[in-house]
Amino acid sequence: MLVTGKDILVPARAGKYGVGAFNTNNMEITQAIIHTAERLRSPVMVQMSEGAIKYGGQDLANIVIDLAQRATVPVALHLDHGSSYESALKAIKMGFTSVMIDASHHPFEENIHETRRVVEAAHAMGISVEAELGRLGGIEEHVVVDEKDAFLTDPQEAVQFVEQTGTDYLAIAIGTSHGAYKGKGRPFIDHERIEKIEQLLSIPLVAHGSSGVPAEIVQRFRDSGGEIGDAFGIADEDLQRATQHGIAKVNVDTDLRLAMTVGVREVLKATPKEFDPRKVFGPAREVMSQIIEHKMRVLGSVGKA
Ligand SMILES: O=C(CO)COP(=O)(O)O
Ligand SMILES: O=C[C@H](O)COP(=O)(O)O
Ligand SMILES: [Zn+2]
Ligand SMILES: [Zn+2]
């Protein structure tokens, strides 16, 4: 069933488990996400960035909405990294049930102002809101953030931010970063910071940049002709600890990008004469489903629907 992000994340925070928020860019990724959630009786959030909206538009949003409405587990359609009030409102008009306003690159007061505008409008329409405070490294939807410019979320500032904006859930910078290169080796996750924020805030917390970038998928990517450097993701143990301390929404995009691409590359490498799109793109769904299942088991959302 199609629900709001709050309907999914408030129980997750209370139940001390995480819910995967998986980015989609096409039908096959959407099917892998929602069918796996259905099979494992797990709530799930399907998210589209502004780039995905540009790529798939209302066509793709409608695929998500239709699969979500026909699902028997809770599914939210979420705008990932919305860059403006207008972008958030446009997503709501498209049928999104949760929107992020990411004004974390603006000065604190401006972030508050922009976020509060979106909260007031979204709440008037019964839609949930995610905001962000602090700055991840890596590449975000609209800006490249050099590691030196990244900064972790200040717990006291987070309290003030939530009080003044009314956001339903808050993305915090805790050491994760977007993309396949999250640092040399295991990224450092500031669990002390998470646990301080957990004590001060009762709303669901969000971890961006939470792909695990599994070595097995990276190897399959290389073996099927892909080129990738020293790729590292967040460790399962770090995610499990974070979900015990307030992290309820866990964002995953890179892992599905790698899995989808591995699925396609392996078909094209093994059967160079193949040109049936169903045979080229279809097998990737299974590769993605395995990644999604692993994440749902790590986060503890299996059976929580
Ligand atoms: O944060 C994300 C989407 O908002 C995705 O992070 P990854 O790049 O680690 O998948
Ligand atoms: O955080 C960003 C997401 O991974 C989406 O990235 P994208 O803008 O390439 O779709
Ligand atoms: Zn951001
Ligand atoms: Zn993100």
Side-chain angles (χ1 to χ4, degrees), residues 5 18-26 29-30 33 45-57 60-61 76-84 87-88 91 98-106 108 110-111 114-115 118 130-146 149-153 161 167 169-183 186-187 189 205-214 217-218 228 231-236 238-239 242 247 249-261 288 291-292 294-295 298-299:
V19 174
F22 299 96
N23 288 74
T24 190
N25 288 288
N26 63 27
I29 300 172
T30 305
I33 297 168
M45 293 185 74
V46 180
Q47 45 189 32
M48 288 173 65
S49 66
E50 288 175 345
I53 291 173
K54 193 170 168 195
Y55 178 75
L60 179 55
L77 172 55
H78 176 76
L79 170 66
D80 186 30
H81 288 288
S83 59
S84 67
S87 174
S98 176
V99 292
M100 178 181 189
I101 172 65
D102 182 356
S104 63
H105 307 284
H106 300 291
F108 184 66
E110 208 176 308
N111 187 356
E114 205 53 21
T115 299
V118 170
E130 174 186 337
E132 182 175 344
L133 187 66
R135 198 171 297 171
L136 277 78
I139 297 174
E140 289 207 2
E141 168 69 13
H142 33 287
V143 286
V144 176
V145 181
D146 292 336
D149 298 333
F151 61 85
L152 302 181
T153 304
F161 182 85
T167 187
Y169 20 107
L170 181 67
I172 54 176
I174 49 172
T176 59
S177 59
H178 291 115
Y181 305 101
K182 298 183 194 294
R186 178 169 169 169
I189 303 304
L205 304 174
V206 183
H208 282 245
S210 295
S211 278
V213 192
I217 275 287
V218 172
I228 188 168
F232 288 97
I234 186 167
D236 289 349
D238 282 321
L239 273 187
I247 296 286
K249 178 174 182 278
V250 174
N251 283 20
V252 177
D253 187 11
T254 296
D255 283 352
L256 295 194
R257 293 180 175 207
L258 286 168
M260 172 94 217
T261 310
M288 289 187 278
I291 291 283
I292 294 162
H294 176 76
K295 212 64 166 185
V298 165
L299 299 178

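One-based numbering, in listed order, for ligands and for the atoms of each.
- The atom of E132 that is an N, O or S and sits closest to the Zn ion (ligand 3) is OE1.
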Exercise for the section: Could you go through the side chain to side chain contact (heavy atoms under 4.5 Å, CB included) check for I292 and L256 one step at a time? Expected result: CA-CA 8 Å; I292 294 162; L256 295 194; 3.7 Å; yes

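- Here is the list of ligand 2 atoms found below 4.0 Å of a heavy atom in D80: 1 (O), 2 (C), 3 (C), 5 (C).
- The closest approach between G51 and ligand 2 stays at or above 4.0 Å for every heavy atom of the residue.
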Practice task
Quick one: do I189 and T176 satisfy side chain to side chain contact (heavy atoms under 4.5 Å, CB included)? Show the steps, please.
Solution key: CA-CA 7 Å; I189 303 304; T176 59; 3.7 Å; yes

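- The N, O or S atom of D102 with the smallest distance to the Zn ion (ligand 3) is OD2.
- Of the heavy atoms in R257, only side-chain atoms (C-beta onward) come closer than 4.0 Å to ligand 2.
- Take T115 and apply the side-chain hydrogen bond (donor to acceptor under 3.5 Å, both in side chains) test, not counting sequence neighbours, and it matches N111.
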Handout entry: side chain to side chain contact (heavy atoms under 4.5 Å, CB included) evaluation trace for S211 with K182
Key = CA-CA 9 Å; S211 278; K182 298 183 194 294; 4.2 Å; yes

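- When all heavy atoms of M48 and L77 are compared, the pair lying nearest together is SD-CD1, 4.2 Å.
- Listed here is the closest heavy atom pair of I228 and A180: CD1-CB, 4.3 Å.
- For ligand 2, the atoms lying closer than 4.0 Å to a non-hydrogen atom of H178 are 1 (O).
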Exercise for the section: Please test K295 against L239 for side chain to side chain contact (heavy atoms under 4.5 Å, CB included), starting from the C-alpha separation and ending with a verdict. Expected result: CA-CA 9 Å; K295 212 64 166 185; L239 273 187; 3.6 Å; yes

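- Using a 30° and 60° split on the angle between ring planes, H78 and Y169 fall in the tilted class, from 30° to 60°.
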Are there any N/O pairs under 3.5 Å between ligand 1 and the protein, and if so, what are their distances?
unit_1	atom_1	unit_2	atom_2	d
ligand 1	1 (O)	H178	NE2	2.9
ligand 1	1 (O)	H208	ND1	3.4
ligand 1	1 (O)	G209	N	2.9
ligand 1	4 (O)	D80	OD1	2.9
ligand 1	4 (O)	D80	OD2	2.8
ligand 1	4 (O)	H81	NE2	3.2
ligand 1	4 (O)	H208	ND1	3.2
ligand 1	4 (O)	N251	ND2	3.0
ligand 1	6 (O)	G209	N	3.3
ligand 1	8 (O)	G179	N	2.8
ligand 1	8 (O)	T254	OG1	2.7
ligand 1	9 (O)	K182	NZ	2.5
ligand 1	9 (O)	S210	N	3.2
ligand 1	9 (O)	S211	N	3.0
ligand 1	10 (O)	S211	OG	2.6
ligand 1	10 (O)	D253	N	2.6
ligand 1	10 (O)	T254	N	2.7

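- Within ligand 2, counting atoms from 1 as listed, the ones closer than 4.0 Å to a heavy atom of D253 are 3 (C), 4 (O), 5 (C), 6 (O).
- Using cut-offs of 30° and 60° on the angle between ring planes, the pair F161 and F108 is tilted.
- Summarising the geometry of P187 relative to G233, their closest heavy-atom pair is CD-O, 3.1 Å, with the distance given to 0.1 Å.
- Shown in contact with H81 at under 4.0 Å from a heavy atom are these atoms of ligand 2, numbered in order with element: 1 (O), 2 (C).
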